[in-house]
2 protein chains.
Amino acid sequence: MTEILDISDASAKSQFVLYWGDMGGQWGVNRSVAQIHALLFLSVSPLNAEQISRELGIARSNVSNSLKELVGWKLIRRIPVPGDRREHFSAETDVWEMAMRIAQGRKEREIDPAISAISDCLEKAATEPEIHPEVLKRMQEMQAFLTTVDTWYGQMLNVPKSKLNLLMKMGNKVISLLTLTGKKSE
Amino acid sequence: MTEILDISDASAKSQFVLYWGDMGGQWGVNRSVAQIHALLFLSVSPLNAEQISRELGIARSNVSNSLKELVGWKLIRRIPVPGDRREHFSAETDVWEMAMRIAQGRKEREIDPAISAISDCLEKAATEPEIHPEVLKRMQEMQAFLTTVDTWYGQMLNVPKSKLNLLMKMGNKVISLLTLTGKKSE
DNA sequence: TAGTAATTTCTGTAATTACAGAACTCATTA
DNA sequence: TAATGAGTTCTGTAATTACAGAAATTACTA
């Protein structure tokens with residue numbers, strides 16, 4: 001009988017859950033998923049589906065599907081609670097780790113398919129001698145760009161978080177390090 | 001009387017437009033908008049709304065709204081064509097520039113609102129002495145993270161494209177430059 | 001093996017979003 | 001000032017997506 005989440009501190013916390021929920025809209029995640037994620041992110045102990053359902057007032061089935069999606073993004077994971085048959089879930093709370101999981105998911109869902117789609121186009125273009133050279137060039141540039149970004153993403157995902165943090169904190173100072181090679185640009 | 005786009009090379013090009021259109025779905029852009037963007041991206045000369053409408057078979061009104069949205073993202077711009085009263089549009093074709101415009105838009109629409117939403121929560125949390133310290137900590141970490149990313153984004157947006165390109169091409173090699181400070185991480 | 005709790009999948013409905021076509025506005029020219 | 005062309009806004013419908021509740025499945029317990 002897991003203790004139901006104490007709601008006495010609901011205000012700031014539940015406000016966070018609500019905000020996060022409809023920001024999900026902007027981010028392309030539906031409200032239920034985003035709310036559940038927020039709730040788990042702020043929960044100090046793992047929650048089961050039933051608790052989440054009651055806490056957020058959303059249907060049990062919806063919770064089930066949303067949890068599946070969050071697990072798919074690796075933003076939450078199943079936590080076995082000894083002596084309790086029900087599945088419990090808790091969220092990744094390291095924000096950097098979280099960001100990297102999301103980045104990984106986006107790479108797979110957004111960039112990779114784009115690259116392969118453009119590859120198809122370029123293949124077909126190769127069979128069209130009459131294609132306008134400028135059109136071909138633009139497709140190629142897009143392809144090259146996406147490939148660069150993809151590779152970069154892939155590399156960054158394997159960089160330890162602390163280094164990433166450092167890198168970002170340095171921000172554009174990093175640029176000066178490169179300026180040794182000092183080409184004029186734009 | 002602007003010459004209508006020659007469709008003889010339609011296949012690879014129109015395939016690109018179609019692909020791009022439904023990849024828009026993944027990226028959170030609707031099909032019409034994405035298709036129009038793709039079409040303009042591959043067009044060597046500016047197009048007017050009527051041409052776009054006919055070429056893609058979408059309603060004139062829809063084209064009008066979509067163009068407005070693309071202009072809002074600064075991915076296309078109005079091009080006055082001398083001797084033609086109609087408005088013509090052409091897309092940014094520099095892929096780096098394009099990416100930066102999108103990044104800028106996302107920063108404004110996704111990150112900035114998130115930061116201010118969390119600020120609200122933290123403000124409210126400050127008035128709740130009973131709040132669980134761990135909950136507070138997590139909110140703060142999220143806030144700090146988003147702020148770091150936001151600042152970083154802001155700085156990167158002002159870096160010349162060629163440097164960005166270089167930076168990405170170097171990828172994780174950049175990390176080694178920092179390793180001088182050589183902390184062990186994770 | 002029957003019974004029950006937990007979870008998932010299915011089915012229909014509600015809500016949202018995308019879109020076409022019509023109506024309208026504004027500018028231009030006759 | 002009427003007539004025409006371009007562009008936008010409005011209105012209703014279609015398509016999609018989100019979701020609740022029911023039915024079905026799976027896992028455990030007696």
Side-chain angles (χ1 to χ4, degrees), chain A residues 1-2 4 17-18 20-40 46-73 76-90 109, chain B residues 1-2 4 17-18 20-40 46-73 76-90 109:
Chain A
M1 208 70 40
T2 320
I4 205 69
V17 170
L18 290 181
W20 205 251
D22 66 47
M23 281 183 332
Q26 293 292 323
W27 287 76
V29 192
N30 78 50
R31 204 172 61 250
S32 310
V33 171
Q35 283 189 353
I36 293 174
H37 181 230
L39 177 62
L40 289 172
L47 301 179
N48 62 48
E50 174 60 19
Q51 289 173 309
I52 296 170
S53 172
R54 277 193 286 123
E55 173 85 22
L56 299 179
I58 64 187
R60 188 62 192 70
S61 57
N62 190 4
V63 170
S64 172
N65 291 326
S66 300
L67 288 171
K68 207 189 326 176
E69 184 169 346
L70 287 167
V71 169
W73 281 85
I76 66 174
R77 56 181 181 285
R78 284 166 215 283
I79 302 285
V81 168
D84 193 332
R85 221 173 115 194
R86 292 167 298 181
E87 285 183 319
H88 286 66
F89 296 85
S90 81
R109 282 156 241 233
Chain B
M1 209 71 41
T2 319
I4 205 67
V17 170
L18 291 180
W20 204 254
D22 65 51
M23 280 184 333
Q26 293 292 321
W27 287 76
V29 193
N30 79 48
R31 207 172 57 250
S32 311
V33 172
Q35 283 189 353
I36 293 174
H37 180 230
L39 178 62
L40 289 172
L47 300 180
N48 63 48
E50 174 61 20
Q51 291 173 308
I52 295 170
S53 173
R54 277 193 286 121
E55 173 86 22
L56 299 178
I58 66 188
R60 188 62 192 68
S61 57
N62 191 6
V63 170
S64 173
N65 291 327
S66 301
L67 288 171
K68 207 188 325 178
E69 184 168 348
L70 287 167
V71 169
W73 281 85
I76 66 175
R77 57 182 180 284
R78 287 168 214 281
I79 301 286
V81 168
D84 192 331
R85 213 172 122 196
R86 292 166 298 181
E87 286 183 320
H88 287 65
F89 296 85
S90 81
R109 282 155 238 234

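Every value quoted in this text rests on a predicted model; they were computed, and no experiment measured them. Every chain is numbered from 1, with letters handed out A, B, ... down the list of sequences.
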Please tabulate, for the side chains in residues 26-38 of chain B, all donor-acceptor contacts under 3.5 angstrom to protein atoms that are two or more places apart in sequence or on a different chain.
| unit_1 | atom_1 | unit_2 | atom_2 | d |
| --- | --- | --- | --- | --- |
| B:Asn30 | OD1 | B:Ser32 | N | 3.0 |
| B:Asn30 | OD1 | B:Val33 | N | 3.1 |
| B:Ser32 | OG | B:Asn62 | ND2 | 2.9 |

From A:Arg86 atom CZ to A:Leu47 atom CG, the distance as rounded to the nearest 0.5 Å
11.0 Å

Could you check how far CD of B:Glu87 sits from P of C:dT25, rounded to whole Å?
19 Å

Base contacts versus sugar-phosphate-only contacts with protein, heavy atoms under 4.0 Å: please encode nucleotides 16-27 of chain D as B, S and - from 5' to 3'.
--SSBBB----B

Got a sec, which residues hit side chain to side chain donor-acceptor pair (under 3.5 Å) with B:Arg78, two or more places apart in sequence or on another chain?
B:Glu87

Rounding to a whole Å, what distance do you find between A:Leu47:CG and C:dA6:P?
15 Å

What residues, two or more places apart in sequence or in another chain, satisfy salt bridge (charged side-chain N to carboxylate O under 4.0 Å, His left out) together with A:Glu69?
none

Output for pair (B:Ser66 OG, B:Ile58 CD1), nearest 0.5 Å, gives 5.5 Å

Rounded to the nearest 0.5 Å, how far apart are CD1 of B:Ile76 and NE2 of B:His88?
13.0 Å

To the nearest angstrom, how far is A:Arg86 atom CZ from C:dA5 atom C1'?
9 Å

Look at the side-chain N and O atoms of A:Lys68 and state whether any lies under 4.0 Å from the OP1 or OP2 oxygen of C:dT7.
no

Which whole-number value in Å describes the distance from A:Asp84 CG to C:dA6 P?
8 Å

What is the separation between atom CG on B:Asn48 and atom P on D:dG7, rounded to the nearest whole Å?
7 Å

